[in-house]
Amino acid sequence: MATASLPPVRPAIRALADRLIADRRHLHQHPECSWQEHETQRYLLRRLEEIGLADVRPIARTGATALVEGGRPGPCVLWRADIDALPVPEKTGLPFASQNDGVMHACGHDAHMAIALALAAWAHAERQRLPGAIRFVFQPAEEASGGAAACIADGVLETPRVAVALGLHISADIPIGAINLAPGPFFAAPTAIRIEITGRGGHAAAPHQSVDAVVVAAHAVTALQTVVSRSLPPSEQAVLTIGKIQAGFRGNVIAESAVMTGTIRSYSTPVRDLMLRRTEEILAGVCAAFGASFTFSHETSCPPLVNDPTVTADVLELARGYFGPDRIIGVPTMGAEDMSVFLEARPGCYFWLGARNEAKGIAGRHHDPGFVIDEDALPIGVEFAARIIEHFLAR
């Protein structure tokens, strides 16, 4: 999809662009990992107080919240932005690159915070004409998971009671001026898996005296690829990846044990349960064939993110009018997002905002040391978010 002319941004939001970019660059320079967002929290609280919002306070240990109260009664809409960075050493060469060694905003959460701050400034300035209220939530620990639940435990859905939950994720894969959203399952539930295979160690020159855990692990990895390809109907979408294997001490020693860790991604509990059952059955068969044993453990950190069909239909209609019908992508992802916890508790919608611009040489990858975005996407994000919020407050 080629980059088209960008959608319009109203003057009141365009006037916030300089501060929007400054906020994003400051936050990019000072990234902090999950549950360590102390300086980030202080910066957000200070900025929210400068803007003049109500109920500015810390939540969820290292997060923040604030409220815009409209000029007349109406519903409350929640806007969520995640705030944590990743343990990734930055290699972008940007003049505002991370100053924290080994930590980087490699997934765009700095952009999410900056968009939310600009959106809060716009809403505060427009508060007298807006009905209802807007609850802004700056959520910690999205990458580690658990941050959304901690925010909800601190009452962000109840004071006042939230009717609709909304948010966006910047995308380095989607061209600027485009958007990706769809009703129903949109992000997968992530299940972390750990497999430990135990054989019998020995000398590399006498393999017949041992049970080589490396060989068993290799056969297991290959066999596990059939969990999706041969155990699920072709109509189902799922992923099983073994991302890490640790085994052995040196090249002339047969490994006694091997540890494999990976992830299962699915959109439904029945599919996840089937994949877990087949994984264990395959491991049992492979290990029995070689005379090894195994342990298998797993943990699902958040549910699938499911966009409410009614809310998303409205957002899609707004997107057609703003971006244009040919600039809308409707492709769910196997990524995970604990915005899903908010959307379990309240109807809502979460979407991808395009920020890739190959004409400018801006074409990064998420979670990569070279992750970059086109900052021209940020005012677009604020404008579209404002349109969505105005729509649901009016309802």
Side-chain angles (χ1 to χ4, degrees), residues 87 143-146 149 184-306 332-338 340-341 344 367:
E143 297 292 353
S145 196
F186 196 56
F187 281 75
T191 300
I193 59 174
R194 183 182 187 277
I195 302 159
E196 183 168 1
I197 292 171
T198 302
R200 186 170 61 250
H203 198 291
H208 60 290
Q209 297 175 351
S210 305
V211 175
D212 191 337
V214 171
V215 171
V216 181
H219 280 268
V221 170
T222 300
L224 288 173
Q225 303 312 301
T226 66
V227 170
V228 173
S229 67
R230 291 297 179 270
S231 296
L232 294 181
S235 58
E236 294 287 353
Q237 293 177 286
V239 168
L240 189 157
T241 296
I242 300 297
K244 184 178 180 181
I245 301 177
Q246 292 176 293
F249 302 104
R250 55 182 294 167
N252 66 346
V253 177
I254 289 177
E256 179 184 27
S257 64
V259 175
M260 304 186 290
T261 53
T263 185
I264 285 174
R265 302 293 173 102
S266 60
Y267 290 129
S268 73
T269 299
V271 168
R272 180 198 64 194
D273 291 347
L274 173 60
M275 293 176 72
L276 291 172
R277 177 172 59 80
R278 288 296 296 134
T279 296
E280 191 156 13
E281 289 171 350
I282 288 170
L283 290 171
V286 170
C287 288
F290 289 95
S293 61
F294 74 97
T295 59
F296 175 50
S297 59
H298 54 86
E299 180 181 8
T300 302
S301 55
C302 67
L305 185 150
V306 181
T333 174
M334 277 292 159
E337 240 295 347
D338 76 351
S340 59
V341 179
E344 272 198 329
H367 290 211

Checking the side chain of [X] only, and the main-chain atoms of [Y] only, is there a donor and an acceptor separated by less than 3.5 Å?
{"X": "Q225", "Y": "V221", "value": "yes"}
{"X": "T198", "Y": "S293", "value": "no"}
{"X": "S266", "Y": "V271", "value": "no"}
{"X": "R265", "Y": "M334", "value": "yes"}
{"X": "R194", "Y": "V259", "value": "no"}

Polar contact flag, side-chain donor to acceptor under 3.5 angstrom, R272-T191: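 Checked: R272/T191 side chains show no N/O donor-acceptor pair below 3.5 Å.
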Measure the spacing between [atom1] of [X] and [atom2] of [Y] and express it to the nearest 0.5 Å.
{"X": "S268", "Y": "Q237", "atom1": "OG", "atom2": "CD", "answer": "11.0 Å"}
{"X": "I282", "Y": "I195", "atom1": "CD1", "atom2": "CD1", "answer": "10.0 Å"}
{"X": "S257", "Y": "R200", "atom1": "OG", "atom2": "CZ", "answer": "14.0 Å"}
{"X": "E143", "Y": "D338", "atom1": "CD", "atom2": "CG", "answer": "9.0 Å"}
{"X": "I193", "Y": "L224", "atom1": "CD1", "atom2": "CG", "answer": "7.0 Å"}
{"X": "E196", "Y": "T261", "atom1": "CD", "atom2": "OG1", "answer": "11.5 Å"}

pair Q209-H203: side-chain heavy atoms closer than 4.5 Å: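 Not touching, per the 4.5 Å side-chain cut-off.
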Residue pair T279 / I264, side-chain heavy-atom distance below 4.5 Å: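 T279 reaches I264 side chain to side chain.
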